[in-house]
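A short worksheet on the structure shown next.
Values reported hereafter were calculated over all heavy atoms of this structure, with side chains retained and with hydrogens, waters and symmetry mates removed. Please read these numbers as outputs of a predicted model, since none were measured by experiment.
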Amino acid sequence: MDVWNVKGLKKAACLVMGLAAFGLADNPISTYHYLADPGAAADDEYFYIITDSDDPAPYNSNSYKIYALYAFRSRDMQNWTDFGIIYDARKVSGINDIWASGIAVHNGTFYIVFPDGGGGGIGYIKAPAIEGPWTNAVGNGKDKLVGGRGIIGCDGVSWCFDPGIFIDDDGTTYVTWGGGESNSRPNTDNFDIVKLNDAKNAPVGNGSHVKVNNLPTRKMLEASYIHKHKGNYYFSYSTGWQQGAPTIDYGMSNNVMGPYTWKGTILGDPSMNGRSINGNNNHHGIAEFKGHSYVVYHDRRIAKGHNGLEIIPADDGQPKPNEGYHRSVSVDEMFYNADGTIKQVVCTNEGPEQIENFDPYDWYPALTSSKQKGIRSRSNFVQGKAAEHVLLPLSTKESWLRVSGVDFGTAATAFKVEAASAGDGNKIEIRTGSATGTLAGTCNLKNTGNKNTYAETTCEVEGLKGIVKQLFLVFKGAQDSTMAVKAWGFEGSGSTPPTPQSPFGGKAWEIPGKIEVENFDEPGVGRGSEIKSYSENDSEDHGIENGGTSYREGTGVDIYKKATGYVVGYNQSGEWLEYTVKVAKDGDYTMYASVATDNSTAGFTLSIDDNKIADVAVSGSSWDDFESVKANVSLKAGEHILRMTVTGDWFDIDYINFVEGKDAPETTTGLAGNVKLNAAKVATFDVFDLTGKKVASFTARNMAEASKLWQSGSIQGSEKAQGISLIRNRANGAMAKVRTTK
C-alpha cells in the first residue's frame, strides 16, 4: 500500500532513458486518472495489470484515500485497454478500503488477493475474465483468507497488507503479505507466505515468515511479491525509508517458501532530468509475457508534469494536486543475467517495445490506446456484473486517443463507434500521424438525448492501409463531457499477412561455410514475433560510440570495426541474432566461432529451428586477440533458421564457421586479422539433485556432451542417479534437466 510520505529524500539510483522533452511518451499507461500500487500477470494472449487509485484524494490531501481496483490488459505492451473499476469497496458489503493487491491467472480463471482497509485482513476473489464479475474465492465459508474474519491470523507481522499471489507451474497457489518498519524489530522477517489448499482455496496450516539472508543495511518494508524465472524463485519487496528513497530489492531461492538470498536491486527511485518522478515510495509487479519479462511500478509523472504531461486536476477539480498522494503507473522491460540475477531496470519515457501490431478489425472498449490527452472516464461498477468503463472527451479542448502500430491490411472501409451524445455537433475525426494529421474520416454522432443512451454510428474512411504507426481518434464538440464513448472498431479487408524475415543480401548462408555475424537476417514486416530476426536489450548502437557509423541502422545491434572487420560486441545475456542458412547435406559438422573477451563467464548457444545444437563457453584475457572456439554439431540438409543466443555477458564475435566432419580442422582460407585457431574449450559442469544438493562435478565441451556423459553412467555418481537431475554450466550459468533411468 505504501502508507507513508517523506520529503527531502535522497535520490536512489535508477537508470533512465527516454524521448526528448515534450514528446509523445508512452509511460505512464494512463494519463487521465491517478493510479498506484500495480500488480501484474500474463497468459498466452494478454499482459494484465491491476492498480488501486489515488483519484478520490483531494488536491491538498495529506493521506491516501483508496477504495477501488482498476484493471488493464495489452496484447502488444503499447496499446492498453482500461476496464476501469473492477472491484469497489464502497459498493461491496463487508469491505472497508482496498489498497495494494496481487493478481494471478491460471487455466482461464483470474484471482486477486486484496487487503481490507490496510489491516482488516486479506480477501480473495476470482473471475472468469479480468473485467469480472468478481466473486468471493475464500474457502471454509469465510470471506477473508488472513486476519480479521479470515481463516488464519496475520502471524505477528507488523502490517497485514500488500498481499501478493503466485501460482506455480504445477498449479499450487501461494499468498504472501506483510510489512512494517520500526526500531523494535529487526525487519528481516516481517513478511509471511502460506500455501493454499487447491480444493478448498484455504491456507494449508499457518503462515511462515519469509527469511531473506545476507541483507544489507537497507531494511524490508512492504510490497512483497513472488515470481519465477527458469526454475528460480524470486522474492521482491520495497525497502525501508530510513536509508533514503526505497528501492525494489530481491532475493533468490530454489524453494518458493525460502529461505531466499538477497541479490540486489530491481528498481531504484526513478529520476529523470534531475527530478525524481517517484519521490517517496515504491511498489511493483512482475510477469513474463511472450518471451519477455516486464516490471510495472508507480511514480509521479502526471502530478509532476513530467515530459510535458498534462497535470490533471484531482477529483475535487482543483489543479496541481499534492504529488505524494497522486501517483501514476508505468511499465518497462526487465532483463536477467546469465546466472539468473536481475539487471537493474531501465526506467523509460517510451515504455516497452511494441511486440506485435494492433489489429483494428475487432471491437474494443473505448479506453483502448497507447496515449491520451484531454479526456476523462466514468466507471459504472455493479457488483455481480462485468466492469463497464466509458470515455468522456473534453471535446472543446485538444482531446484524443492514440493507437500505435495499427495493421490495416489492404484497406479499412469504415469506422464504427458505440456512443451516447447529449448535444448536437459532437464528432470523432480519424487521423494519422498526429492529432492534426491526415484526415481519414469523420463520424458525426447521433444525438441520443443523454449520456446513458447509446447508439452505433458508422462512417466511411479512406487511406487507411498497411501499417499506420500512429492512429488518432480526435474528439470535437461545442461542450465538454457531452459524449460518452463505450466501444469502437474498424471494418475492412483484414490484416496484412506478415512478411517473414529474409536473408541479409537476399541469399541464405551456405553450410559448410562462414557466416559474418553482423549480417544477420533482415526483420520482416507485420504482426507477431515470428517476423523478428534479432533481439537487442536496448535501442542504442554502442558501435557508433567507438568511432564508427551504424552498420545496421535502426536495429540497435552493437556493430563496430576492429582489426578483423565488423564485429558484434556489447553482447548481453538474452540477446540473439538469426541467420537463414542452407545446409548442403545431412551429417556432422564442426562449428568454429571467432571471439574475444577479457573474462571467463561469457558464452552463447546455437539452435537450428528452435532446437539447441550447441552450448559454447567463451573466455579470454584480451579484447584485441580473437580466439577460435569450437563445438561438434549434427545438421540436416535444407534451409533452416540458425539462432545465436547470448548466455554469458560481454564478448565480441566476428564470425561463425561450419566445417564438414566431426572434429574437423578449421582452414585458414578467408580468415582475416589476428585470429588464433585453438582447440575446443571445455567447461566445468555441476550436477544437482532436485533438493538442490550438488552430487557431482566434471568437465565437458558443451551441454549436450555433458548430458550424454551423465546419462551414460560414466561419471562418478551418475551410476546411482535415478529420475531428474539438474546440470549447470559453471561458466555461463546455462542449465538443463536430464532424466536418468536404470
Report task. Could you walk me through whether Asn447 and Ser421 pass side chain to side chain donor-acceptor pair (under 3.5 Å), step by step? Result -> CA-CA 5 Å; Asn447 188 335; Ser421 176; 5.0 Å; no
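Between His284 and Ser236, the side chains place a donor N or O and an acceptor N or O closer than 3.5 Å (distance only, hydrogens not considered). Side-chain contact check for Arg402 and Ser370: at least one donor-acceptor pair (N or O, by modelled atom type) lies under 3.5 Å. Side-chain contact check for Asp299 and Ser330: at least one donor-acceptor pair (N or O, by modelled atom type) lies under 3.5 Å. When only modelled atom types and interatomic distance are considered, Ser101 and Asp52 share no side-chain donor-acceptor pair under 3.5 Å. Between Gln479 and Thr482, the side chains place no donor N or O within less than 3.5 Å of an acceptor N or O (distance only, hydrogens not considered). Side chain to side chain, Thr348 and Asp332 meet the donor-acceptor criterion of an N or O pair below 3.5 Å. For His389 and Asn380, the side-chain atoms include no donor-acceptor pair closer than 3.5 Å.
Taking the six-membered ring for Trp and thresholds of 30 and 60 degrees, Phe235 and Tyr237 have ring planes inclined between 30 and 60 degrees apart. The aromatic rings of Tyr250 and Tyr234 sit tilted, their planes meeting at an angle between 30° and 60°.
Taking the centre and axis of the six-membered ring of Tyr34, the NZ or CZ atom of Arg327 falls outside the cone set by 45° and 6.0 Å. Because its NZ or CZ atom is both nearer than 6.0 Å to the ring centre of Tyr454 and within 45° of the ring axis, Lys486 counts as a cation-pi partner of that residue.
The side chain to side chain contact (heavy atoms under 4.5 Å, CB included) test with Phe475 singles out one residue from Leu445, Leu401, Asp480, Leu392, and that residue is Leu401. With Ile375 as the partner, the side chain to side chain contact (heavy atoms under 4.5 Å, CB included) test is satisfied by one option alone out of Leu473, Val485, Leu367: Leu367. Tested against Trp177 for a side chain to side chain contact (heavy atoms under 4.5 Å, CB included), the candidates Asp192, Val113, Ile165, Leu145 yield a single pass: Asp192.
Evaluation of the ring pair (Phe, Tyr, Trp, His ring centres under 6.0 Å) rule for Phe110 yields Tyr48 as partners, not counting sequence neighbours.
Looking only at distances, no side-chain donor or acceptor of Asn282 sits under 3.5 Å from a matching main-chain atom of Ser238. Side chain of Asp116 to main chain of Asn96: a donor-acceptor pair is present (N/O by atom type, distance under 3.5 Å, no hydrogens or angles). Within the 3.5 Å criterion, the main-chain N or O of Gly268 finds no donor-acceptor partner in the side chain of Thr265.
Aromatic rings from Tyr294 and Phe47 are positioned such that their centres are separated by under 6.0 Å. Between His33 and Tyr70, a ring centre-to-centre spacing shorter than 6.0 Å is recorded.
In this structure, the separation between CG on Leu391 and OH on Tyr32 is 8.0 Å, given to the nearest 0.5 Å. To the nearest 0.5 Å, atom CD1 of residue Ile428 and atom NZ of residue Lys476 are 12.0 Å apart.
Counting heavy atoms of neighbouring residues, nucleotides and ligands inside a 6.0 Å radius, atom NZ of Lys343 exceeds 12 of them.
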